[in-house]
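All residue numbers refer to positions in the sequence shown, counting from 1. What you see is a predicted model, and the numbers here were worked out from it, not measured in a lab.
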Amino acid sequence: AHQLPMSRGEGVRICMIDSGVDLRHPLLQGLSIEGKNFIENELMDDLGDTMDIHHGTILASVLVGRESLEFSGLDFSGVAPQARLIVAKIITKDGSASMLSLIRAFEYCSQKADIITLTVGGAESKILSHLMAVAKAKGVAIVATGGNSGGKLVYPASDPSVLAVGTIGQNYKFPGSGPWDSRLAFVAPGLEVPFVTMEGEVRVMTASGFSVMYVAGVEAIRRSRGAKALWAQQVCGVPQERQGQGVIDALLTALNVNVP
């Protein structure tokens, strides 16, 4: 569903801060990952998904999943399946995460990755903002969800060091609850997106995390090809606060095409 006929993120390291990853997923089997568990009172090397809905696992499959016709029956893979996945586990079984674990996880990721993804939102932190500014200065791309509730961006997406991402669907359909903010960087597929379940079934779901994975994957493609910038296309008649620079375009980014 996300296939591209060229570079797929070779040599790029992406650190996903989420609920962990279950490598039994059909599109992740055989994948080699590294990472660390930052949830208090849990084993540091336990990278398994804490959530019953397999939040981090599904996002990882959209990001770096590999073709698996045996399970899905479709030509379906992640955006950047040749990128190297690093897992920083902070989200607990009930879907929450502490600021302390987020700060520790981000510091870990910033030392190991080229791209960091964030699908959490919460209160602002001067410590985290400082770490993000340092990481950005080193060339690390930080991609975060703008939120699901409408209005202004949630933190940390609202931080100037972050690429804040909104959601869009097919035929340029916007969700009613997406962010409206001049700091929004891009919108990307996240509305009614097909994905592969743990059981190998293809279903459709709306999730802002999908949009984050898509932008992170395209950024990995950009870096692996040495392209100069992420390309996006504006949706006519839609305010900048709703779409940022526009809909992220994987093919134009990969080809580094100069469009008017």
Which atom pair, heavy atoms only, marks the closest approach of [X] to [Y]?
X    : Y    : result
I14  : A83  : CD1-CB, 3.8 Å
I115 : A220 : CD1-N, 3.5 Å
S110 : V140 : O-CG2, 4.4 Å
G121 : V154 : CA-CG2, 4.4 Å
A80  : G9   : CB-CA, 4.4 Å
T57  : L28  : O-CD1, 3.8 Å

Whether R222 and E219 form a salt bridge (side-chain N of Lys/Arg under 4.0 Å from carboxylate O of Asp/Glu) is what I want to check.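 So E219 pairs with R222 through a salt bridge.
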
Compare all side-chain heavy atoms of D49 with those of V21 and state whether any distance is below 4.5 angstrom.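 No - every pair of side-chain heavy atoms lies 4.5 Å or more apart.
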
Heavy-atom check, side chain of V235 versus side chain of I168, under 4.5 Å: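 Yes, side chains in contact.
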
Taking atom [atom1] of [X] and atom [atom2] of [Y], what is their separation to the nearest 0.5 Å?
X    : Y    : atom1 : atom2 : result
L128 : R104 : CG    : CZ    : 14.0 Å
H55  : D18  : NE2   : CG    : 5.0 Å
I39  : T92  : CD1   : OG1   : 6.0 Å
D94  : D52  : CG    : CG    : 11.0 Å
I248 : F186 : CD1   : CZ    : 4.0 Å
S158 : L184 : OG    : CG    : 12.0 Å

In a check of side-chain contact (heavy atoms from CB on, under 4.5 Å) between I142 and each of L118, L163, D159, which one passes?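 The single option meeting the side-chain contact (heavy atoms from CB on, under 4.5 Å) with I142 is L118.
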
Please say yes or no: joined through hydrophobic side-chain contacts below 4.5 Å, possibly via intermediate residues, are [X] and [Y] part of one cluster?
X    : Y    : answer
I116 : V143 : no
F195 : Y214 : yes
V79  : V165 : yes
V12  : I17  : no
V87  : I103 : no

Whether [X] side chain and [Y] backbone form a donor-acceptor pair below 3.5 Å:
X    : Y    : result
R8   : S224 : no
T50  : I91  : yes
T206 : E192 : yes
S61  : G65  : no
T145 : T119 : no
H25  : L23  : no
R225 : A254 : yes
T253 : W231 : yes

Hydrophobic cluster of L43, others only, ordered by chain and residue number, side-chain cut-off 4.5 Å: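 Other cluster members: none.
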
side-chain contact (heavy atoms from CB on, under 4.5 Å) between I58 and F210: does it pass, once the steps are laid out? CA-CA 9 Å; I58 298 304; F210 288 159; 3.8 Å; yes

Residues forming a ring-ring contact (aromatic ring centres under 6.0 Å, His included) with F38, sequence neighbours excluded: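 Counting only residues at least two positions away or on another chain, F38 forms a ring-ring contact (aromatic ring centres under 6.0 Å, His included) with Y108.
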
For [X], check side chain to side chain donor-acceptor pair (under 3.5 Å) against everything at least two apart and list the hits.
X    : result
S125 : none
Q243 : Q234
R183 : D181
T117 : none

With sequence neighbours excluded, give me every salt bridge (Lys or Arg N to Asp or Glu O under 4.0 Å) pair touching [range].
range            : answer
residues 113-131 : R13-D114
residues 23-32   : D22-R24
residues 25-43   : E34-R84, E34-K112, E42-K89

Just grab all the disulfide (SG to SG under 2.5 Å) pairs involving residues 155-246, residues at least two apart or on different chains.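 Counting only pairs at least two positions apart or across chains, no disulfide (SG to SG under 2.5 Å) contact touches residues 155-246.
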
If you look only at pairs with a residue in residues 80-133, which of them pass as a disulfide (SG to SG under 2.5 Å), with sequence neighbours excluded?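 Every disulfide (SG to SG under 2.5 Å) pair that includes a residue of residues 80-133, provided the two are not neighbours, is C15-C109.
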
I need the full list of side chain to side chain donor-acceptor pair (under 3.5 Å) pairs touching residues 166-176, with sequence neighbours left out, sorted by first then second residue.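 Non-adjacent pairs meeting side chain to side chain donor-acceptor pair (under 3.5 Å): T167-S211.
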
Quick check: are there more than 12 heavy atoms from other residues, nucleotides or ligands sitting under 6.0 Å from CD1 of I127?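 Not more than 12 within 6.0 Å, no.
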
